[in-house]
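Remarks on the structure that follows.
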Protein chains: 2
Amino acid sequence: MPPSSTVDRILDTAEALFAEKGFAETSLRAITSKAGVNLAAVNYHFGSKEALIQAVFQRFLEAFCVRLDEKLRDMADDEVSLEALLSLVSHTSVAAQQGDARRVAIFFRLSGLGYTQGQGHLRKFLRERYGDVFTRFLMRLQQAVPDVSPMELFWRVHFALGSTIFTLSGMDSLRAICKADFGDDLGPGDVDKRLIAFLAGGIRASVQAS
Amino acid sequence: MPPSSTVDRILDTAEALFAEKGFAETSLRAITSKAGVNLAAVNYHFGSKEALIQAVFQRFLEAFCVRLDEKLRDMADDEVSLEALLSLVSHTSVAAQQGDARRVAIFFRLSGLGYTQGQGHLRKFLRERYGDVFTRFLMRLQQAVPDVSPMELFWRVHFALGSTIFTLSGMDSLRAICKADFGDDLGPGDVDKRLIAFLAGGIRASVQAS
DNA sequence: AGCAAACACAAACAAACGTTTGAAACGTCT
DNA sequence: AGACGTTTCAAACGTTTGTTTGTGTTTGCT
């Protein structure tokens, strides 16, 4: 095991508990006792609870953004479809978590919480640190749907982001309901396909005259 | 003013503070001091903090569901377009808050928090109490897009719900960004139009072969 | 071996939390 | 007026929170 497994155990446990209960609802004592480390370890290694939250985010986002950026550069100047770009995000998310679909869901759940909770100082942090990757992705999207004006695209991307975060946040519950109501047991990949089709349809929607 | 203005002042203040900071992050002391009432008033009038949260929800949802149900019955067996149904939700939300767009945003922000936070016992409460109105609305949607299978529609409605909650949760921030980046100062109505177009496009998207 | 830095640990800290208490103030009856 | 139920209020309750402290223990370097 790694030289400092305490740090990793804290990060892993915090990630899971934050996603399950939320930030404020998860105490350091719950994290440390479940992780099997001393209570003071959090403040020793991370400084504070808020710094822990940022560290949890950063660990995923770093991996995700690096991989996404690589793939975007690999595409060079190729023309890529809207669906391909959306799938890219999905696949990169999964790959950045070493194929663990459960952790992908956890991360998006965290994103949703972080996006709405916490006065947005987390959002500013993300924008400053990974804003350029996001901008690069946005330009690719614009190439894929040249008929949609930049401002329209801005809004639609955020609409799509909402769907994604919301869906992946509660995917387990939704899949359970789906199975109960329709008898269809969908895998995570099936949901992804449906979501991407929905998002592509929305982003491509013709602008209606007002 | 009403006979019991204490209850209303608590509800109003709690609604705003919950939306701003989240449930766990908002203390009863913050609510009561801002509302200008005694700390013990919450437990006296509502019983507990959790009961307060439910009361805040119920006040809006009751008004919303009653109005939505009325409008749905008024439509009788008319054929209504998908866009018209989505607009109906939007207009009903605004009407149920007496035209106060700020409070509509607050409510959707609360919905988003309630949907992800709190182990879902709030979601169960909503489903039990207002599930039939939701079902009735869903049947109308199905009529509007008969080509989409029921299960597909189930998923797409939840995708749409995610977009809506997420967007209206952070609409103010997004509008500020939009103004800064594009110089376009959109009103809440403009965002609604764009959101509805996006949702309609997504819900109507053709199912792709897998 | 010996020293210093890094880490783990139990214990305690002050602050904030939701909730309860008992008495004061209020309005409404007969 | 007096008595009653309702509401308000300041104060305190017992927990739980994040953080800090002091003291061991381990680790790596010379």
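Each chain gets a letter, A, B and so on, in the order its sequence line appears, and its residues count up from 1. Treat the numbers as computed from the prediction; the structure is a model and nothing was measured.
By the 4.0 Å N-to-carboxylate-O rule, B:D12 lies close enough to B:R59 to be salt-bridged with it.
Rounded to whole angstrom, the span from the CD1 atom of A:I53 across to the C1' atom of D:dG18 amounts to 12 Å. The nearest whole Å value for the distance from the NZ atom in B:K49 to the C1' atom in C:dA16 is 11 Å. Straight-line distance from the OH atom of A:Y44 to the C1' atom of D:dT26: 11 Å, rounded to whole Å. Protein atom CG of B:L17 is 16 Å distant from nucleotide atom C1' of C:dG18, rounded to whole Å. The distance between atom CG of B:N38 and atom P of C:dA25, rounded to the nearest whole Å, is 14 Å. Rounded to whole angstrom, the span from the CG atom of B:N43 across to the P atom of D:dA10 amounts to 16 Å. Atom CD1 of A:I10 is separated from atom C1' of D:dG18 by 14 Å (rounded to the nearest Å). Atom CG of A:L28 is separated from atom P of D:dG18 by 4 Å (rounded to the nearest Å).
Ring planes of B:W155 and B:F159: tilted class, angle from 30 to 60°.
The residue among A:R29 and A:A41 whose nearest nucleotide of DNA chain C lies closer to the 5′ end is A:A41. Of the two residues near DNA chain C, A:V37 and B:A40, the one whose nearest nucleotide lies more 5' is A:V37.
Within 4.0 Å (heavy atoms only), A:T26 reaches sugar-phosphate atoms of the nucleic acid but no base atom.
Note on B:H45: every side-chain N or O is 4.0 Å or more away from OP1 and OP2 of D:dT6. Remark: A:S27 is in phosphate contact with D:dT17, judged by side-chain N or O atoms under 4.0 Å from OP1 or OP2. Close to D:dT8, at under 4.0 Å from its OP1 or OP2, lies a side-chain N or O of B:T6.
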Query raised in the report: Could you write out DNA chain D as a dot-bracket string, with dots for unpaired bases, | for bases paired across to another strand, and Watson-Crick or G-U pairs counted at under 3.5 Å?
Result: |||||.|||||||||||.||||||||||||
**Report entry** Audit row: B:S5, B:R9, side chain to side chain donor-acceptor pair (under 3.5 Å) steps and yes/no
**Finding:** CA-CA 6 Å; B:S5 79; B:R9 282 220 303 279; 3.2 Å; yes
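Of the options B:L85, B:V157, B:D69, a side-chain contact (heavy atoms from CB on, under 4.5 Å) to B:F137 is made by B:L85 and by none of the others.
The number of heavy-atom neighbours closer than 6.0 Å to CE of B:M139, taken from other residues, nucleotides and ligands shown, is 12 or below. Annotation: B:K34, atom NZ; neighbour count of heavy atoms from other residues, nucleotides and ligands within 6.0 Å does not exceed 12.
Atom CZ of A:F18 is separated from atom CD of A:E15 by 10.0 Å, given to the nearest 0.5 angstrom.
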